[in-house]
There are 2 protein chains.
Amino acid sequence: MTSLPATFAALSDATRFAIVERLMATGARTAGELADVAPISAPAISRHLRVLREAGVIEQRIEGPKRIYSVRPQAIRAISDWTMDHRTFWEGSLDRLARALENRELDE
Amino acid sequence: MTSLPATFAALSDATRFAIVERLMATGARTAGELADVAPISAPAISRHLRVLREAGVIEQRIEGPKRIYSVRPQAIRAISDWTMDHRTFWEGSLDRLARALENRELDE
DNA sequence: GAGTTAATTAACTCATAAGCTAAATTGTGT
DNA sequence: ACACAATTTAGCTTATGAGTTAATTAACTC
């Protein structure tokens, strides 16, 4: 359902990425409070919020006429888990690179 | 330079994601060896490889008539670092704290 | 230097995505 | 019920992206 590529797609837009960072830093916020993440119209922000919600990155709590948004921790955790699944790849490779630089040996 | 949204954009396509997973699992591979990640034409694969390369996710080594591709460990590490920057957000919000604590030795 | 192999670039089509303005929706206060 | 405030939905325009086939580049072999 919420596949990793779908999550990445949601975070691939600079405005949406900024929204997510803002929400993680400050906690839940209304759509109006997120208006200044980018110089675009309110409908545009609203659309981005919808995309993030449909991708499972954020969730919406309705409180009166306001919509309060927050990041779903699972979404970020899923990304973290994926990188950790491949930890041996990038950790080991970086080690090799570091060693190669130290030894001035660039084999393979 | 290679911003995180740009990296996410590169990984937002299912075919490109599959290419990256394949490369991480098997190590460096030629374009031809990646042909079967999706039922699309060779030019389509080539285009995906270019997108991944321009986003800094993979790199190319030319060897005769072959192009050998591999994932740049820094790209995956950058994603991991980002999730870790916000670790307090998603860790604190989840009930899976135990597992996180178990992995603490891997921090830093 | 012609042929073969490996892969890319070119030119094009079609679908999706992002932006806008204007209209509609939904709850709150009078 | 009426007006207001906070957002979203609708309808439209334009840009980007993924796929195709055909043509091109690049390096090795005979």
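These figures come from a predicted structure and were not determined experimentally. So you know, we letter chains A, B, ... as the sequences are listed, proteins then strands, and number each from 1.
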N/O (side chain, B:Q60) to phosphate O (OP1/OP2, C:dT8) under 4.0 Å: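 Answer is yes, contact under 4.0 Å.
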Partners meeting side-chain contact (heavy atoms from CB on, under 4.5 Å) with B:A18 (sequence neighbours left out):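 Once residues adjacent in sequence are excluded, the partners of B:A18 under the side-chain contact (heavy atoms from CB on, under 4.5 Å) criterion are B:V37.
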Degree of bending, the helix from C:dG1-D:dC30 to C:dT30-D:dA1 (end axes from five pairs; round to 10°):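 End axes: 10° apart.
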Residue mapping more 5' on DNA chain C - nearest nucleotide basis, B:L49 or A:S41: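 Mapping each residue to its closest nucleotide by heavy atoms, the 5'-most match is B:L49.
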Mind checking what makes salt bridge (Lys or Arg N to Asp or Glu O under 4.0 Å) contact with [X], not counting sequence neighbours?
X     : value
A:R72 : none
A:E33 : A:R29
B:D85 : none

Salt-bridge criterion met for A:R87 and A:D81 (N-O under 4.0 Å):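 Between A:D81 and A:R87 there is no salt bridge, as every charged N stays at least 4.0 Å from the carboxylate O atoms.
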Cationic N near anionic O, under 4.0 Å, A:R61 to A:E59: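 No salt bridge links A:R61 with A:E59.
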Pairs flagged by salt bridge (charged side-chain N to carboxylate O under 4.0 Å, His left out) wherever residues 11-20 of chain B is involved - sequence neighbours left out: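 Counting only pairs at least two positions apart or across chains, no salt bridge (charged side-chain N to carboxylate O under 4.0 Å, His left out) contact touches residues 11-20 of chain B.
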Sequence neighbours excluded - salt bridge (charged side-chain N to carboxylate O under 4.0 Å, His left out) pairs with any residue from residues 44-55 of chain A: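 Passing the test, one end in residues 44-55 of chain A: A:R50-A:E54.
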Verify same cluster id: A:I79, A:V51 (apolar side-chain graph, 4.5 Å):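 Different hydrophobic clusters.
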Dump the pairs, protein N or O against N or O of nucleotides 25-30 of chain D, anything under 3.5 Å, distances to one decimal.
none

Separation of atom CD1 in B:I45 from atom P in D:dT21, rounded to whole Å: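 After rounding, the reported distance stands at 14 Å.
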Rounded distance in Å - OH (B:Y69) to C1' (C:dA7):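 Whole-Å distance recorded here is 7 Å.
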Separation of B:I76 CD1 from B:M24 CE (nearest 0.5 Å):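 Rounded to the nearest 0.5 Å, the CE-CD1 separation comes to 4.5 Å.
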Please list, for nucleotides 9-18 of chain D, all pairs of protein and nucleotide N/O atoms separated by less than 3.5 Å.
{"residue": "D:dT9", "atom": "OP1", "partner": "A:R50", "partner atom": "NH2", "Å": "3.3"}
{"residue": "D:dT9", "atom": "OP2", "partner": "A:R50", "partner atom": "NE", "Å": "3.4"}
{"residue": "D:dT9", "atom": "OP2", "partner": "A:R50", "partner atom": "NH2", "Å": "3.3"}
{"residue": "D:dA18", "atom": "OP1", "partner": "B:R16", "partner atom": "NH1", "Å": "2.7"}
{"residue": "D:dA18", "atom": "OP1", "partner": "B:R16", "partner atom": "NH2", "Å": "2.8"}

ring-ring contact (aromatic ring centres under 6.0 Å, His included) contacts in which one or both residues fall within residues 38-68 of chain A, not counting sequence neighbours: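 Pairs touching residues 38-68 of chain A that pass the test: none.
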With A:F17 via ring-ring contact (aromatic ring centres under 6.0 Å, His included) - residues at least two apart: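 A:F17 satisfies ring-ring contact (aromatic ring centres under 6.0 Å, His included) with B:W82 only.
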From D:dA6, C:dG19, C:dA7, nucleotide with atom closest to A:K66 side chain: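 Output: D:dA6.
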Strand contacts (DNA chain D) in residues 19-30 of chain A, 4.0 angstrom heavy-atom criterion: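 Here the set is A:T30.
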N/O donor-acceptor pair under 3.5 Å between A:T26 side chain and A:R22 backbone: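 Answer holds: yes.
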